[in-house]
Amino acid sequence: MKIGILTFHRALNYGAILQCFALQKYLLKLGYNVEVIDYRQPFIEKVYKIWNSSFFRTNFFHIIKILKYIYRLPYRYKRKKLFKQFIDKNLRLSQPCYSTIPTEYDIVFHGSDQIWNSKLTGGKLDPIYMGCYQLKKGSRKVSYAASFENRQLTNDEVFTFKSMLPNFNKISVRESGLIERLSPLTQKTIYNVVDPTLLLTASDYDLIATKPKVKNKYVLFYAVGPTEEALKLAHRIAKEKQCKLIDITNKQISPNEFLGYFKYATFAVVVSFHGTVFSLMYKTNFYTYATGTTSDIRYYNLLDGLNMGDRCIKAMPQTIEDVDFSKLDKKMQQFTAFSKGYINDVIQQFPSDK
């Protein structure tokens, strides 16, 4: 059996690349022949291109924007190089694909990540991510933890989902709220499963994590959302713990180093779903700072599911408390059991006919 994975594996984003690594690793551990389908999605390729000539054409009269773009070129180059090194070493890739997918796969997993978010694929749902390609007879297309922005769908998106969801033999999404959005558009049952990063254990990530070159104890800060209040909390904890504060939000580090910073931190303050995940994985004391945006629901779904909802905060806590990790392993097994069963069902039991 040959399995393919279709996801955002070329986005220069720690969560994107590590969820891809995690799903591939989990399937490999089950003993299957797996590779990531090297689909070059046009809009994503454009976004992460180091030198984008169209940016200069559209911003010809915006000198400050152009100067900022040029100033950040070395940063963009180094980041792309670090991610390419990680991909080359840790992902099994197919040959590059541009407009169609090879027919050789028995199963293709679509996801995880926001592959169904039209804003991230050029303003419309991408037909490839929606399963519009041919496979050999008897093959299966399934989604695993596919996601999109939890908002009212446009008329065009409703039409696309209605016409293309039938391409899938089985459908699952990453956020429970998306079930309500999609259920009226298909007769298939839609399942809620966990982010692939939660399918692995700390020992799996230890194989690729790199220890940071930091001599002293440190408090880690990482944010992908509004940061002012969260950063104040990180400074406070660092002072109380008599630790150095390290902010990796805009630091040029590899995905391997990203993991290492969480593993060896004394405490972490994050505004990030995957920052929360890896704090949990490494049993690093942490607070996740809610920002009042739609991203918060991901934090609450994860932490409430593990009976750790108190670690997601909206304001400065009166006292800094360590995390009770004593029951985490058992809770994590329970939390991920259905998702692992979903994958097993897809591979072992689901019939090939739709």
Side-chain angles (χ1 to χ4, degrees), residues 3-13 15-21 23-24 34-49 52 54-55 80 83 87 91 93-105 107-135 139-175 177-179 181-186 188 190-191 193 195-196 294 346 354:
I3 298 175
I5 298 171
L6 265 174
T7 187
F8 286 164
H9 70 289
R10 288 177 62 80
L12 306 185
N13 175 285
I17 197 69
L18 289 170
Q19 64 81 20
C20 178
F21 165 82
L23 184 55
Q24 176 192 260
V34 187
E35 67 182 19
V36 177
I37 300 172
D38 194 12
Y39 174 47
R40 308 293 178 93
Q41 206 283 330
F43 185 75
I44 292 177
E45 294 298 304
K46 181 179 178 181
V47 167
Y48 291 106
K49 193 175 181 180
N52 190 345
S54 65
F55 175 86
K80 191 156 191 172
F83 274 73
I87 289 170
L91 297 185
L93 294 181
S94 72
Q95 292 298 311
C97 310
Y98 297 90
S99 59
T100 189
I101 300 301
T103 61
E104 63 203 61
Y105 301 102
I107 301 174
V108 175
F109 281 93
H110 292 238
S112 178
D113 222 331
Q114 295 195 50
I115 59 171
W116 293 346
N117 185 342
S118 59
K119 293 181 180 179
L120 302 182
T121 52
K124 61 181 180 179
L125 292 167
D126 185 290
I128 296 295
Y129 288 131
M130 292 302 303
C132 293
Y133 56 87
Q134 293 296 317
L135 292 176
S139 297
R140 286 157 278 175
K141 302 171 189 174
V142 300
S143 72
Y144 182 83
S147 183
F148 57 92
E149 191 178 23
N150 191 2
R151 56 169 171 78
Q152 188 70 38
L153 298 173
T154 66
N155 290 335
D156 285 344
E157 288 170 336
V158 168
F159 176 80
T160 302
F161 276 120
K162 274 187 175 180
S163 59
M164 295 185 182
L165 284 177
N167 291 330
F168 295 96
N169 296 92
K170 205 162 187 177
I171 303 169
S172 69
V173 292
R174 192 176 62 187
E175 290 83 29
L178 302 184
I179 296 176
R181 300 284 184 195
L182 294 182
S183 289
L185 309 181
T186 178
K188 289 185 170 70
I190 300 176
Y191 301 92
V193 295
D195 188 274
T294 55
V346 165
K354 294 181 183 177

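Sequential numbering from 1 along the given sequence is applied to the chain's residues.
Residue R174 holds its CZ atom at 11.5 Å from CG of N150, rounded to the nearest 0.5 Å. To the nearest 0.5 Å, the span separating CD1 on I171 from OH on Y144 amounts to 15.5 Å. K80 contributes atom NZ, which lies 9.5 Å from atom CD1 of I87 (distance to the nearest 0.5 angstrom). Atom OG of residue S94 and atom CD1 of residue I101 lie 7.0 Å apart, to the nearest 0.5 angstrom. Note that OG1 of T7 is 4.0 Å distant from CD of Q19, once rounded to the nearest 0.5 Å. Between atom CZ of residue F21 and atom CG of residue L91 there is a gap of 8.0 Å, rounded to the nearest 0.5 Å.
Taking both residues in full, the closest heavy atoms of F43 and L120 are given as CD2-O, 3.4 Å, listed atom of the first, atom of the second, then distance. Taking every heavy atom of both residues into account, A146 and S143 meet most closely at CB-CB, 4.1 Å. The minimum heavy-atom distance between I128 and T100, with the atom names listed, is CD1-CA, 4.0 Å. Closest of all the heavy-atom pairs between N167 and C132 is ND2-SG, 3.5 Å.
Remark: the Q41 side chain and the D126 side chain contain an N/O donor-acceptor pair separated by less than 3.5 Å. Under 3.5 Å, the side chains of S147 and E175 contain a donor-acceptor pair of N or O atoms. Judged purely by distance below 3.5 Å, without hydrogens or angles, the side chains of D113 and H9 never pair a donor atom with an acceptor atom.
M130 places a side-chain heavy atom less than 4.5 Å from the side chain of L165. By the 4.5 Å heavy-atom criterion applied to side chains, F168 and T186 are not counted as neighbours. Side-chain contact between L135 and K141: present, with at least one pair of heavy atoms (C-beta onward) separated by less than 4.5 Å. F83 places a side-chain heavy atom less than 4.5 Å from the side chain of I17. Taking 4.5 Å as the limit, every side-chain heavy atom of V108 sits out of range of all side-chain heavy atoms of S139. Residues F148 and L125 are not in side-chain contact: their nearest non-hydrogen atoms beyond the backbone lie 4.5 Å or more apart. Side chains of T121 and Q114 form no contact here, defined as non-hydrogen atoms less than 4.5 Å apart.
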**Asked** Would V173 and L182 count as a side-chain contact (heavy atoms from CB on, under 4.5 Å) if you check the C-alpha gap in whole Å, the side-chain angles of each, and the deciding distance to 0.1 Å?
**Response** CA-CA 10 Å; V173 292; L182 294 182; 4.0 Å; yes

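Side-chain atoms of S172 never come within 3.5 Å of backbone atoms of Y191 as a donor-acceptor pair (strictly under, hydrogens ignored). The backbone N or O of V346 lies less than 3.5 Å from a partner atom in the side chain of R140, making a donor-acceptor pair.
Between E157 and R181 no salt bridge is recorded (no basic side-chain N to carboxylate O distance below 4.0 Å).
Residue H110 is tested with Y129, W116, Y133, Y39 for a ring pair (Phe, Tyr, Trp, His ring centres under 6.0 Å); the sole match is Y133.
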